[in-house]
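Comments concern the structure below.
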Amino acid sequence: QVQLVETGGGLVQAGESLRLSCAASGGTFSSYAMGWFRQAPGKEREFVSVISRGGTFTYYTDSVKGRFTISRDNAKNTVYLQMNSLKSEDSGVYYCASAPWPRTAESEFNYWGQGTQVTVSS
């Protein structure tokens, strides 16, 4: 059973940065891909980014390309999401999740964290 805990959310102004962390336990972290999703109020949860097991492959949704960077430290069992030039539309609850392979569909991810709130004021 993999357990994921996100931290790093908060309230920032537009244009500022945040770094989210997701610490994993209960499994072999380096054996699964990791993704970030987000859910804004009143909207469905959406894919943000994914990283492969070894960190060599990354993929982003178009709206965050060039602003967000996903990375992982397998020695620390942690995946990160560096978010720069934040916009109000980036606000929402951010979730990390694990999957056997780097995918974008929620159904491909089998373990999820509880989420961390990101609020960007304009």
Side-chain angles (χ1 to χ4, degrees):
Q1 183 85 7
V2 176
Q3 292 159 347
L4 304 172
V5 178
E6 304 96 334
T7 56
L11 171 63
V12 296
Q13 293 188 337
E16 295 184 340
S17 300
L18 275 177
R19 188 175 83 153
L20 305 183
S21 300
C22 172
S25 62
T28 304
F29 184 70
S30 59
S31 67
Y32 39 88
M34 295 296 299
W36 286 96
F37 291 76
R38 65 187 179 188
Q39 186 169 23
K43 294 187 177 181
E44 294 187 352
R45 188 158 55 186
E46 64 173 353
F47 167 81
V48 175
S49 182
V50 67
I51 188 167
S52 61
R53 299 171 180 180
T56 56
F57 171 81
T58 60
Y59 184 75
Y60 302 88
T61 192
D62 285 346
S63 62
V64 308
K65 285 180 181 176
R67 300 188 298 121
F68 290 13
T69 303
I70 190 171
S71 63
R72 66 189 296 162
D73 185 337
N74 286 347
K76 294 183 178 180
N77 290 354
T78 301
V79 62
Y80 305 96
L81 186 67
Q82 177 67 45
M83 306 186 295
N84 298 330
S85 302
L86 282 162
K87 305 175 181 179
S88 57
E89 52 263 43
D90 294 319
S91 296
V93 178
Y94 281 69
Y95 301 89
C96 68
S98 64
W101 304 102
R103 298 287 187 265
T104 62
E106 280 193 49
S107 59
E108 300 282 352
F109 290 78
N110 42 18
Y111 294 102
W112 293 79
Q114 83 290 346
T116 185
Q117 177 71 46
V118 172
T119 303
V120 184
S121 63
S122 57

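Start at 1 with the first residue, then count along the sequence.
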**Item:** By ring-ring contact (aromatic ring centres under 6.0 Å, His included) - contacts of Phe109 (at least two apart)
**Value:** Phe37
**Message:** Check for me, please, whether Leu4 and Tyr80 land in the same ILVMFWY cluster - side-chain distances under 4.5 Å, paths through other members count.
**Reply:** no
**Prompt:** Side-chain contact, heavy-atom cut-off 4.5 Å: Val118 with Asp90?
**Reply:** no
**Request:** Could you tell me which residues satisfy side-chain hydrogen bond (donor to acceptor under 3.5 Å, both in side chains) with Gln82, sequence neighbours excluded, listed by chain and number?
**Result:** Asn84
**Asked** Can you check whether Met83 reaches Leu18 side chain to side chain, under 4.5 Å on heavy atoms?
**Response** yes
**Request:** Might you point out which heavy atoms bring Ser17 and Ser85 nearest each other, and give the distance in Å?
**Result:** OG-N, 4.2 Å
**Request:** Take Ser121 and Gln13 through the side chain to side chain contact (heavy atoms under 4.5 Å, CB included) test and state the conclusion after the steps.
**Result:** CA-CA 5 Å; Ser121 63; Gln13 293 188 337; 3.7 Å; yes
**Asked** Residues two or more places apart in sequence or in another chain: which of them pass side-chain hydrogen bond (donor to acceptor under 3.5 Å, both in side chains) with Thr119?
**Response** Gln117
**Request:** Can you tell me which residue pairs pass the ring pair (Phe, Tyr, Trp, His ring centres under 6.0 Å) test with a partner in residues 60-79, sequence neighbours excluded?
**Result:** none
**Prompt:** Would a distance-only check, ignoring hydrogens and angles, find a side-chain to backbone donor-acceptor pair under 3.5 Å from Arg53 to Pro102?
**Reply:** no
**Message:** Assigning hydrophobic clusters by single linkage (Ile, Leu, Val, Met, Phe, Trp, Tyr; side-chain heavy-atom cutoff under 4.5 Å), is Tyr111 placed with Tyr94?
**Reply:** yes
**Asked** Do the rings of Phe57 and Tyr59 sit parallel, tilted or perpendicular, given the 30° and 60° boundaries?
**Response** parallel
**Prompt:** Heavy-atom distance under 4.5 Å between the side chains of Leu86 and Ser91, does that happen here?
**Reply:** no
**Complete:** The reported gap from CD in Glu16 to CG in Leu11 (rounded to nearest 0.5 angstrom) is 8.5 Å
**Request:** Heavy atoms only: give me the nearest Ser52-Thr56 pair and the separation to one decimal.
**Result:** OG-N, 3.2 Å
**Prompt:** Is Arg103 close to Phe47 at the side-chain level, that is, under 4.5 Å between some pair of heavy atoms?
**Reply:** no
**Request:** Hey, could you give me each pair passing disulfide (SG to SG under 2.5 Å) that has a residue in residues 20-122? Not counting sequence neighbours.
**Result:** Cys22-Cys96
**Prompt:** Is it true that a side-chain atom of Glu6 and a backbone atom of Gln114 form a donor plus acceptor pair closer than 3.5 Å?
**Reply:** yes
**Item:** Contacts of Lys65 that satisfy side-chain hydrogen bond (donor to acceptor under 3.5 Å, both in side chains) - sequence neighbours left out
**Value:** Asp62
**Message:** I'd like to check Ser98 versus Asn110 (side-chain heavy atoms, cut-off strictly below 4.5 Å). Are they in contact?
**Reply:** yes
**Message:** Taking the side chain as everything from C-beta on, heavy atoms only, tell me whether Val79 gets closer than 4.5 Å to Phe29.
**Reply:** yes
**Prompt:** Arg38 versus Leu81: any side-chain heavy-atom pair under 4.5 Å?
**Reply:** no
**Asked** Hey, what do you get for CE (Met34) to OG (Ser49), rounding to the nearest 0.5 Å?
**Response** 11.0 Å
**Request:** Flag the pair Tyr95 / Glu106 as yes when at least one side-chain heavy-atom distance between them is below 4.5 Å, and no otherwise.
**Result:** no
**Message:** Same cluster or not: Val93 versus Val50, using hydrophobic residues (I, L, V, M, F, W, Y) connected whenever any side-chain heavy atoms lie under 4.5 Å apart?
**Reply:** yes
**Complete:** On a heavy-atom basis, the closest approach of Thr78 and Ser21 is CG2-CB, 4.2 Å
**Prompt:** Distance from Glu89 atom CD to Ser122 atom OG, nearest 0.5 Å?
**Reply:** 9.0 Å
